[in-house]
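Here's the structure, in structure tokens; my notes come after.
Here the structure is a predicted model, which is why all the values come from computation and not from measurement.
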Amino acid sequence: MREKITNPDAIRTWPGKVPVEYVYTVGVASEPFFRALMERGRLLASPCPECGVRYLPPRLFCERCFSRLEASLELEPRGTLEAFTVVHVDLDGNRLDEPQAYGLVRIHGADTALVHRLAASDADEPEVGMEVEAVLLPPAERTGSILDIRHFRPV
């Protein structure tokens with residue numbers, strides 16, 4: 001029989017640690033995207049043959065009409081800054097030595113956007129609507145990760 005606990009002090013806890021390990025797989029839709037980024041420094045979008053929406057990062061199915069998609073549209077890593085924010089603390093709540101800007105970038109030729117770091121520069125403060133380009137790691141250092149894009153900088 002389960003008893004309803006109404007007093008928070010009556011809750012029992014067992015302190016301890018649970019080690020968690022995981023392997024992230026990019027999946028069917030994202031593998032061509034990360035391979036093109038790593039091998040050719042290009043971004044792949046998946047255009048919908050039915051309604052014409054171009055998704056970047058790619059999707060398997062169109063979110064509007066549910067058509068099956070393929071990552072087949074190769075785009076230059078340039079776009080428009082749609083929005084941005086400046087963060088002062090890391091994911092653990094620790095204050096950063098230097099604030100970091102992150103932006104929502106709509107790549108030219110795509111209808112959706114990527115969130116990624118923006119270049120740190122006092123001379124080029126981010127502005128909504130500015131043209132930006134991806135700064136990629138050198139080809140020998142790329143691993144097939146979104147971090148192959150170091151950051152976006154103003155064009």
Side-chain angles (χ1 to χ4, degrees), residues 1-48 53-107 109-121 126 128 132-153:
M1 181 172 190
R2 295 185 183 194
E3 177 184 333
K4 182 177 180 180
I5 298 173
T6 56
N7 178 359
D9 295 330
I11 296 174
R12 291 181 278 181
T13 62
W14 287 268
K17 295 182 179 181
V18 178
V20 177
E21 290 185 29
Y22 63 91
V23 174
Y24 173 78
T25 59
V26 296
V28 175
S30 295
E31 183 177 355
F33 172 81
F34 288 115
R35 193 169 299 283
L37 180 59
M38 179 177 68
E39 294 172 358
R40 298 186 306 281
R42 295 287 189 255
L43 301 177
L44 282 185
S46 49
C48 179
V53 175
R54 293 160 292 179
Y55 293 94
L56 191 142
R59 316 282 201 283
L60 278 179
F61 295 93
C62 179
E63 296 170 3
R64 296 187 184 167
C65 70
F66 303 110
S67 293
R68 182 154 176 79
L69 305 176
E70 289 186 32
S72 61
L73 180 61
E74 193 169 290
L75 303 172
E76 294 285 331
R78 297 180 83 158
T80 303
L81 185 61
E82 299 286 325
F84 70 92
T85 188
V86 178
V87 297
H88 296 270
V89 295
D90 66 16
L91 294 173
D92 297 318
N94 302 312
R95 191 137 189 91
L96 295 171
D97 294 333
E98 294 290 326
Q100 176 66 57
Y102 290 86
L104 185 64
V105 178
R106 185 180 311 271
I107 300 299
D111 296 310
T112 57
L114 289 172
V115 174
H116 211 293
R117 286 184 293 229
L118 301 176
S121 170
V128 171
V132 293
E133 65 183 354
V135 175
L136 303 176
L137 291 175
E141 294 179 28
R142 296 182 199 153
T143 62
S145 156
I146 197 65
L147 298 178
D148 288 349
I149 300 174
R150 196 174 274 160
H151 56 258
F152 282 86
R153 69 177 175 208

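Annotation for Ala110 and Leu56: closest pair CB-CB, 3.8 Å, computed over non-hydrogen atoms. Residues Pro47 and Leu73 approach most closely at CD-CB, 4.0 Å, considering heavy atoms. Nearest heavy atom pair, residue Cys48 against residue Ser67, reads SG-CB, 3.9 Å. Scanning both residues, Pro126 and Leu81, for their nearest heavy atoms gives CB-CD2, 3.8 Å. Residue Leu44 comes nearest to Pro32 through the heavy atom pair CD1-O, 3.3 Å, listed as atom of the first residue, atom of the second, then distance. Listed here is the closest heavy atom pair of Phe66 and Phe61: O-CD2, 3.9 Å.
Residue-environment remark: CD (Glu70) stays at or below the threshold of 12 foreign heavy atoms within 6.0 Å.
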Distance-only check: which donor-acceptor pairs under 3.5 Å involve side-chain atoms of residues 89-98, not counting sequence neighbours?
from: Asp90; atom 1: OD1; to: Asp92; atom 2: N; distance (Å): 2.9
from: Asp90; atom 1: OD1; to: Gly93; atom 2: N; distance (Å): 3.0
from: Asp90; atom 1: OD1; to: Asn94; atom 2: N; distance (Å): 2.8
from: Asp90; atom 1: OD2; to: Asn94; atom 2: ND2; distance (Å): 3.4

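Using a distance-only test at 3.5 Å, with no hydrogens or angles considered, a donor-acceptor pair links the side chain of Gln100 to the main chain of Leu118. Side-chain atoms of Arg142 come within 3.5 Å of backbone N or O of Leu137 as a donor-acceptor pair. Not one N or O on the side chain of His116 forms a donor-acceptor pair closer than 3.5 Å with the backbone of Val105. For Arg59 (side chain) and Pro57 (main-chain N/O), a donor-acceptor pair under 3.5 Å exists by modelled atom type.
Distance CG/Asp111 to CZ/Arg54: 4.5 Å, rounded to 0.5 Å. Distance check, rounded to the nearest 0.5 Å: OG of Ser46 to CZ of Arg68 gives 10.5 Å. Atom-to-atom distance recorded for Leu114:CG and Leu43:CG is 6.5 Å, nearest 0.5 angstrom. Rounding to the nearest 0.5 Å places CG of Leu147 at 11.0 Å from CZ of Arg150. For the atom pair CZ (Arg42) and CG (Leu75), the distance works out to 9.5 Å, reported to the nearest 0.5 Å. Atom CZ of Arg106 is separated from atom CG of Leu104 by 7.0 Å, given to the nearest 0.5 angstrom.
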Practice problem: Just do the side-chain contact (heavy atoms from CB on, under 4.5 Å) check on Ile146 and Phe34 with the steps written out, would you? | Solution: CA-CA 7 Å; Ile146 197 65; Phe34 288 115; 4.0 Å; yes
Self-check item: Working for side-chain contact (heavy atoms from CB on, under 4.5 Å), residues Phe152 and Arg78
Solution: CA-CA 8 Å; Phe152 282 86; Arg78 297 180 83 158; over 6 Å; no
Quiz prompt | Test log, rule side-chain contact (heavy atoms from CB on, under 4.5 Å), inputs Tyr55 and Leu60 | solution = CA-CA 10 Å; Tyr55 293 94; Leu60 278 179; over 6 Å; no
Quiz prompt | Leu136 and Leu37: CA distance, side-chain angles, deciding distance, side-chain contact (heavy atoms from CB on, under 4.5 Å) verdict | solution = CA-CA 9 Å; Leu136 303 176; Leu37 180 59; 3.8 Å; yes
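Considering only residues two or more places apart in sequence or on other chains, Arg64 meets the side chain to side chain donor-acceptor pair (under 3.5 Å) condition with none of them.
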